[in-house]
Structures are given as structure tokens and as C-alpha cells.
Amino acid sequence: QVQLVESGGGLVQPGGSLRLSCAAAGNIFRIYAMGWYRQAPGKQRELVARIGSGGSTNYADSVKGRFAISREPAKTTVYLQMNSLKPEATAVYYCSIPLLDSWGQGTQVTVSS
């Protein structure tokens, strides 16, 4: 498994923005696809955004046009830029490399006025 460390969560008002970061040792994201997932209270964990090893991206319909996944050129950090946040985005957000079954510890995002 690979150690993944998320950061950047917090409390934001509806309509606001946050950027989450997921750091890994080495340029692991050059080799494996990774995804951002979230789990709200009482709900199943769901895929929010995914970036392939070649840089292709996919998004959940609920976040298309508002969220953007990207990675730095050195490919050791992946970001999730979240704009126009809605209260239903409140959840714990996790980064993961599914092929390695590696997960970060999660970071709380709360969207509330």
C-alpha cells in the first residue's frame, strides 16, 4: 500500500470554494489512476472525481462544471478544486489509489451558513 495524506478541508459557506490536496511519496500518480471519494453521514462512499495515469479525468454528474481534479507536474500531489459548493457536498473526502486499495485518512468538508 501507499501512504496518502489529504489536507485542505474545512468549513465554508454555500457558494464558496475549497481546494483539497492529496500527497503521496514518490511520483505514484504517474503510474496509477487515483480518485477523490466522499462519504456523507448515513450514505455510501461515492466517487467524486478521478484522474488516470495519463491525465484523463472523470467526474460525478453532481459535481461536473464545479469541481476540477488536477495534479502537479512532479505528480506527487493531486488536487480537488471545489467551487460553488452546496450543503449536500458536506462529507468526509478521501483520496485513493483503487488498484492498490490505498486510502488516505480523510478530510472533513462542511458547507454551511
For a side chain to side chain contact (heavy atoms under 4.5 Å, CB included) check, start with the C-alpha distance between Leu20 and Arg38, then their side-chain angles and the critical distance, and finish with the verdict. CA-CA 12 Å; Leu20 306 183; Arg38 66 186 178 189; over 6 Å; no

Candidate pair Arg45 and Trp103, rule side chain to side chain contact (heavy atoms under 4.5 Å, CB included), full reasoning: CA-CA 12 Å; Arg45 191 171 295 186; Trp103 293 84; 3.2 Å; yes

Run the numbers on Leu4 and Ser102 for side chain to side chain contact (heavy atoms under 4.5 Å, CB included), then give the verdict. CA-CA 7 Å; Leu4 303 173; Ser102 293; 4.2 Å; yes

Step by step, would you call Tyr37 with Val48 a side chain to side chain contact (heavy atoms under 4.5 Å, CB included)? CA-CA 5 Å; Tyr37 295 75; Val48 177; 5.6 Å; no

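Judged by distance alone, with hydrogens and angles left aside, the side-chain atoms of Thr110 form no donor-acceptor pair with the main-chain N or O of Leu11 at under 3.5 Å. Checked by atom type and distance alone, the side chain of Arg66 pairs as donor or acceptor with a backbone atom of Ser84 at under 3.5 Å. Remark: side-chain polar atoms of Thr90 are paired, donor with acceptor, to backbone N or O of Val111 under 3.5 angstrom.
For CD of Gln39, the number of neighbouring non-hydrogen atoms (other residues, nucleotides, ligands) closer than 6.0 Å is greater than 12.
Listed by first then second residue, pairs satisfying side-chain hydrogen bond (donor to acceptor under 3.5 Å, both in side chains) with a partner in residues 9-20 read Ser17-Asn83, not counting sequence neighbours. Judged as a disulfide (SG to SG under 2.5 Å), the pairs with a partner in residues 32-113 (not counting sequence neighbours) are, in order, Cys22-Cys95. Among residue pairs with one or both ends in residues 50-100, none qualify as ring-ring contact (aromatic ring centres under 6.0 Å, His included); sequence neighbours excluded.
Among all heavy-atom pairs drawn from Trp36 and Ser21, the shortest one is CH2-O, 3.5 Å. Here the closest heavy-atom approach between residue Leu18 and residue Leu85 is recorded as N-CD1, 3.9 Å. Of all heavy-atom pairs spanning Gly9 and Val109, the tightest one is CA-CG2, 4.2 Å.
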